[in-house]
Every structure is written in C-alpha cells, then in structure tokens.
Protein chains: 2
Amino acid sequence: MTKTKRDSYHHGDLRSALISAAEEIIAAEGVEGFTLRKAARKAGVSPGAPTHHFGSMAGLLTQVARRSYEALAKQLAGAAEGLEGNAALRALTAVYVRFARDNTGRFRLMGRTDLIELEDDDLRAAVYRAMRPLAAAAAGTRGLGVPTPEFERLDPRLIAAIAPAHGLAHLATEGRLAATMRSGEVDAQAQDALVDEVLRALWP
Amino acid sequence: MTKTKRDSYHHGDLRSALISAAEEIIAAEGVEGFTLRKAARKAGVSPGAPTHHFGSMAGLLTQVARRSYEALAKQLAGAAEGLEGNAALRALTAVYVRFARDNTGRFRLMGRTDLIELEDDDLRAAVYRAMRPLAAAAAGTRGLGVPTPEFERLDPRLIAAIAPAHGLAHLATEGRLAATMRSGEVDAQAQDALVDEVLRALWP
DNA sequence: CTTTTTGTCTAGACACTGTTTAGATTGCGT
DNA sequence: ACGCAATCTAAACAGTGTCTAGACAAAAAG
C-alpha cells in the first residue's frame with residue numbers, strides 16, 4: 001500500500017509515482033483490476049492528473065509494458081550464458097515461461113494490444129531488446145547472420161524459436177500447464193519439469 | 001446491420017439474437033469494441049434485458065466463445081484427413097493460424113479469460129473437441145494412446161504440438177508474422193508461406 | 001372462456017469508468 | 001520580485017454493467 005501522501009500542491013514526481021502505482025495494482029489485481037482512477041487515488045492525486053503526464057490511459061500502460069519488457073530482457077539476457085544450440089533455446093524458453101507464470105499481470109498486459117500503444121518507439125525498442133537473445137540463439141543454432149529488427153520480423157527460424165515460447169507462456173498463464181493445486185495455485189516445480197519435457201521434445 | 005425489429009412486447013428469440021448481435025459486433029469492431037448495451041441496442045431491446053438470459057456479460061460472451069471453438073473445431077476436423085505424422089501436425093497448425101488471422105475478434109475473445117466463464121462445462125467441452133485433432137495427431141505421431149481430457153492437460157507431447165500453434169496464432173493476430181501491406185492489411189499468401197517454412201523447421 | 005401463474009422485458013437508478021474543460025496553485029528562470 | 005510555464009484540482013460529460021420495480025404477454029389451470 002504505497003499510498004504516496006504529499007504536503008505540497010505539486011507532487012514532485014507524479015509521473016513515476018503513477019507508473020509504480022499502476023505496476024502494484026496490476027501485480028495485485030491483474031490488468032482487469034486496473035483502473036486509471038485507482039492509480040490516481042493510490043498516488044494521492046485527482047482523476048484528471050494522469051492525463052497530463054501520459055496523454056491517456058494507454059500512455060501510462062505503455063510505460064508499464066515497456067518496463068515489463070525490460071524486466072523480461074534482463075531475465076533472458078543471462079539465461080543462455082555458456083550454452084549453445086538447442087540447449088540455449090531450451091534455457092531461454094524456460095525463462096520466458098517462468099516470467100509469464102511469475103508475472104501474470106504484466107505478461108497479460110504485454111499482450112493487450114488494445115490497452116497499449118504498440119507504435120511507441122521506446123516500447124518497440126524494449127521488445128526488440130527482449131527478443132534479442134532468442135534471435136541470437138536461433139541464429140547461432142542454425143547458422144544465420146547477426147539479427148536485426150527486420151530480420152526478426154521475417155526470418156522463419158527465429159519465429160520457430162519464438163512461437164513455442166509464446167504459446168507455452170500463454171498456456172501457463174491460463175493454467176493449462178501441469179496440475180494446479182487446490183486453491184488454484186500452480187505447482188511451479190511440476191510445471192518446470194513439464195516445460196522441460198516439452199522443450200526436449202521440440203529441440204532435442 | 002441486423003437490427004432485429006419486433007412488433008410484440010416479447011422478442012421471441014432474444015437469446016440467440018443477442019448472441020448473433022455480439023458476434024457481429026466482435027467481427028466488425030473487435031472484442032474491445034464490444035459492449036453489452038450495444039448488443040442490446042442491436043437486438044432492439046433494453047439494456048437490462050441481456051442479464052435475464054445470460055446472468056451477466058460474461059455469460060453472453062461465454063456463448064460466443066463456445067461457438068467460436070465449435071467453428072475452430074469444424075475447421076480442424078478435416079484438416080488432417082489422409083495425413084500422418086508431422087505432415088498432419090503441420091496441416092493442423094496452418095489451419096489454426098489461419099483461423100486466428102481470419103477471425104481475429106473471435107480468437108482474441110477466446111483468450112480473454114477475464115471476459116468469459118472458463119469453468120463453463122459447455123465451453124470446456126467445446127475446447128476439448130477443438131483440440132482433439134491436434135491431440136490425435138500428436139498421439140499418432142509419437143505412439144501414444146487414445147487422448148482423453150486428462151491426457152490433454154498433462155502430456156508433454158501434446159503440449160509440444162499445441163504451443164507452437166498457439167504462439168504462431170498470437171503472433172499472427174498481433175501482426176508480427178510476415179510483412180503487412182499498406183493500410184495495415186496482411187498479405188495472407190505471404191503469411192501462409194512463412195508459416196509453412198516455420199512448420200517445416202519445427203516438424204520436418 | 002376466464003383466471004392465474006410464469007417467463008420476458010422495460011424504466012430508471014446506481015456506482016463506476018476515461019476524458020475534457022476551466023481555473024487554482026506552485027516552482028523556476030530571468 | 002515578477003511573470004511565465006508547468007502542474008494539479010474540481011466539476012462535468014457521456015458511457016459502461018448491473019440491480020430493483022413493475023409492466024406486459026403468453027402458457028397453464030380452472
């Protein structure tokens with residue numbers, strides 16, 4: 001409950017306070033529980049204030065999505081360290097799926113193209129940086145050149161690497177991977193084992 | 001514009017009229033353009049009427065999702081006719097991706113677990129029936145038994161078959177597959193060719 | 001053929017939502 | 001110290017999903 005109080009009329013750092021508030025709400029209640037007014041209340045500010053900093057709700061959520069892609073990029077960056085070929089692809093995919101499972105709210109937001117501004121340059125750059133390790137692994141595995149944004153859009157081998165990760169991640173967030181324990185919680189260990197099996201079937 | 005007029009106080013078949021209205025709205029404006037009141041207006045009925053038939057908006061959308069899964073099931077049913085092994089998996093995945101591309105609104109709805117009632121029995125049955133051909137192909141390819149619902153939840157080989165299809169379909173609806181033509185339209189032919197390449201890389 | 005009962009639908013309200021407008025308040029550069 | 005620009009508020013607007021009464025009509029019961 002980071003209800004940012006404030007003494008002065010001006011907030012001081014409302015922009016990042018709103019982003020933090022949004023992230024907390026999304027982590028706690030999911031994207032469907034998020035509301036622009038709720039974020040404003042959490043930052044201790046009037047309902048109209050966010051508009052001035054982000055233009056619209058999509059502007060704020062775009063920043064949250066950007067930061068989420070940066071978090072994903074950080075987790076993916078070191079995951080293939082010292083690994084090559086299919087082993088690298090397996091490790092990266094496993095991290096991708098774990099990220100989706102452990103950050104369901106953020107991951108769902110990243111897929112909500114109706115809530116964020118897909119054409120935002122910073123967001124696109126973050127997406128590119130996040131996908132970079134996967135592209136490098138795909139290129140390394142199958143003997144391709146240095147990945148560029150254009151390459152990533154079109155090369156079938158990279159898409160073949162991304163698609164299973166994306167699909168598994170979605171299945172994970174929908175609770176369709178592995179057995180769920182009572183109370184709706186997921187058995188993370190069993191899920192990891194299942195994902196590992198799937199990955200060995202796809203990339204032996 | 002199926003603005004169902006009516007002469008009598010009672011509608012006669014409001015339930016299916018609302019489902020049709022919802023489907024038309026989703027096809028034309030996407031899930032994000034859908035509104036329960038809009039569907040009610042289209043059926044020529046007051047805003048509170050739908051609640052009586054479906055309990056809530058999620059109830060109506062669950063029916064739309066169910067019918068969408070049935071449509072998908074119908075398209076998948078005959079796609080692997082006469083094919084075996086990886087060829088069957090490739091054909092089924094291609095159909096899955098085409099369905100997502102040609103029915104973006106419905107496909108997006110199927111993934112919106114916050115808008116539909118996932119635990120609805122009819123919906124679950126429809127999902128199961130839709131996934132059946134993929135399960136059969138995966139079982140046939142790799143020597144497994146007859147697929148059952150429990151099997152489909154847990155077997156890594158089936159998940160390995162579903163995940164790429166799911167991932168590719170999501171990438172397709174987000175416009176990240178193949179080059180998009182000006183005006184935002186997708187070059188379907190080029191996309192099919194790309195998907196074919198991807199599938200041959202995954203399942204040679 | 002009436003009467004009752006049951007299922008449909010309407011009207012209006014409620015508590016929300018995101019966004020807009022005009023105005024109040026403050027910090028900063030000169 | 002003053003004016004300007006940035007920042008935030010207050011109030012309103014159109015729209016949402018859902019709830020509670022009650023109006024209406026078709027089917028069942030007498």
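Lettering follows sequence order; numbering is per chain, from 1.
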For DNA chain D, determine which residues of residues 51-60 of chain A have any heavy atom closer than 4.0 angstrom to one of its atoms, and list them numerically.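 The stretch gives A:His52, A:His53 as the residues lying under 4.0 Å from the strand, ordered by number.
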What residues in residues 30-37 of chain B put a non-hydrogen atom under 4.0 Å from any atom of DNA chain D?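 When residues 30-37 of chain B is checked for heavy atoms under 4.0 Å from DNA chain D, the hits, listed by number, are B:Thr35, B:Leu36, B:Arg37.
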Between [atom1] on residue [X] and [atom2] on residue [Y], distance to nearest 0.5 Å:
| X | Y | atom1 | atom2 | answer |
| --- | --- | --- | --- | --- |
| B:Leu60 | B:Arg15 | CG | CZ | 9.0 Å |
| A:Leu199 | A:Asn86 | CG | CG | 10.0 Å |
| A:Thr62 | A:Met57 | OG1 | CE | 10.0 Å |

Would you mind reading off the distance between [X] atom [atom1] and [N] atom [atom2], rounded to a whole angstrom?
| X | N | atom1 | atom2 | result |
| --- | --- | --- | --- | --- |
| A:Arg41 | D:dC8 | CZ | C1' | 17 Å |
| B:Asp114 | D:dT16 | CG | C1' | 15 Å |
| B:Ile25 | D:dT16 | CD1 | C1' | 14 Å |
| A:Asp13 | C:dG27 | CG | P | 15 Å |
| B:Glu29 | D:dG15 | CD | P | 14 Å |

Donor-acceptor under 3.5 Å (A:Arg108 side chain, A:Thr173 main chain):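 Yes, because the side chain of A:Arg108 sits within donor-acceptor range (under 3.5 Å) of the backbone of A:Thr173.
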Donor-acceptor contacts, no H, no angles, side chain residues 87-100 of chain B, under 3.5 Å, sequence neighbours left out:
{"residue": "B:Arg90", "atom": "NH1", "partner": "B:Trp203", "partner atom": "O", "Å": "2.7"}
{"residue": "B:Thr93", "atom": "OG1", "partner": "B:Leu89", "partner atom": "O", "Å": "2.8"}
{"residue": "B:Tyr96", "atom": "OH", "partner": "B:His166", "partner atom": "ND1", "Å": "2.9"}

Shortest side-chain distance from A:Ala49, nucleotide among D:dT9, C:dC9, C:dT19: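 Of the options given, the side chain of A:Ala49 lies nearest D:dT9.
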Minimum heavy-atom separation for A:Phe34 and A:Ile25, please, with both atom names.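 So the minimum-distance heavy-atom pair works out to CA-CG2, 3.8 Å.
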For B:Asp196 and B:Arg200, run side chain to side chain contact (heavy atoms under 4.5 Å, CB included): C-alpha distance rounded to whole Å, both residues' side-chain angles, the deciding distance at 0.1 Å, then the answer. CA-CA 6 Å; B:Asp196 195 63; B:Arg200 291 191 178 280; 3.3 Å; yes
State whether A:Glu70 and A:Arg66 are salt-bridged, where the test is any N-O pair (Lys NZ or Arg NE/NH1/NH2 against Asp/Glu carboxylate O) under 4.0 Å.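 Here A:Glu70 pairs with A:Arg66 in a salt bridge, since their nearest N and O are under 4.0 Å apart.
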Check this for me: A:Arg67, atom CZ, are more than 12 non-hydrogen atoms of other residues, nucleotides or ligands nearer than 6.0 Å?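 Incorrect, the count does not exceed 12.
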Between A:Arg15 and D:dA6, is there a side-chain N or O to OP1/OP2 distance below 4.0 Å?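 No, no such contact exists.
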Report which part of the nucleic acid B:Pro50 touches: base, sugar-phosphate, or nothing (heavy-atom distance under 4.0 Å, all strands).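 Result for B:Pro50 = nothing.
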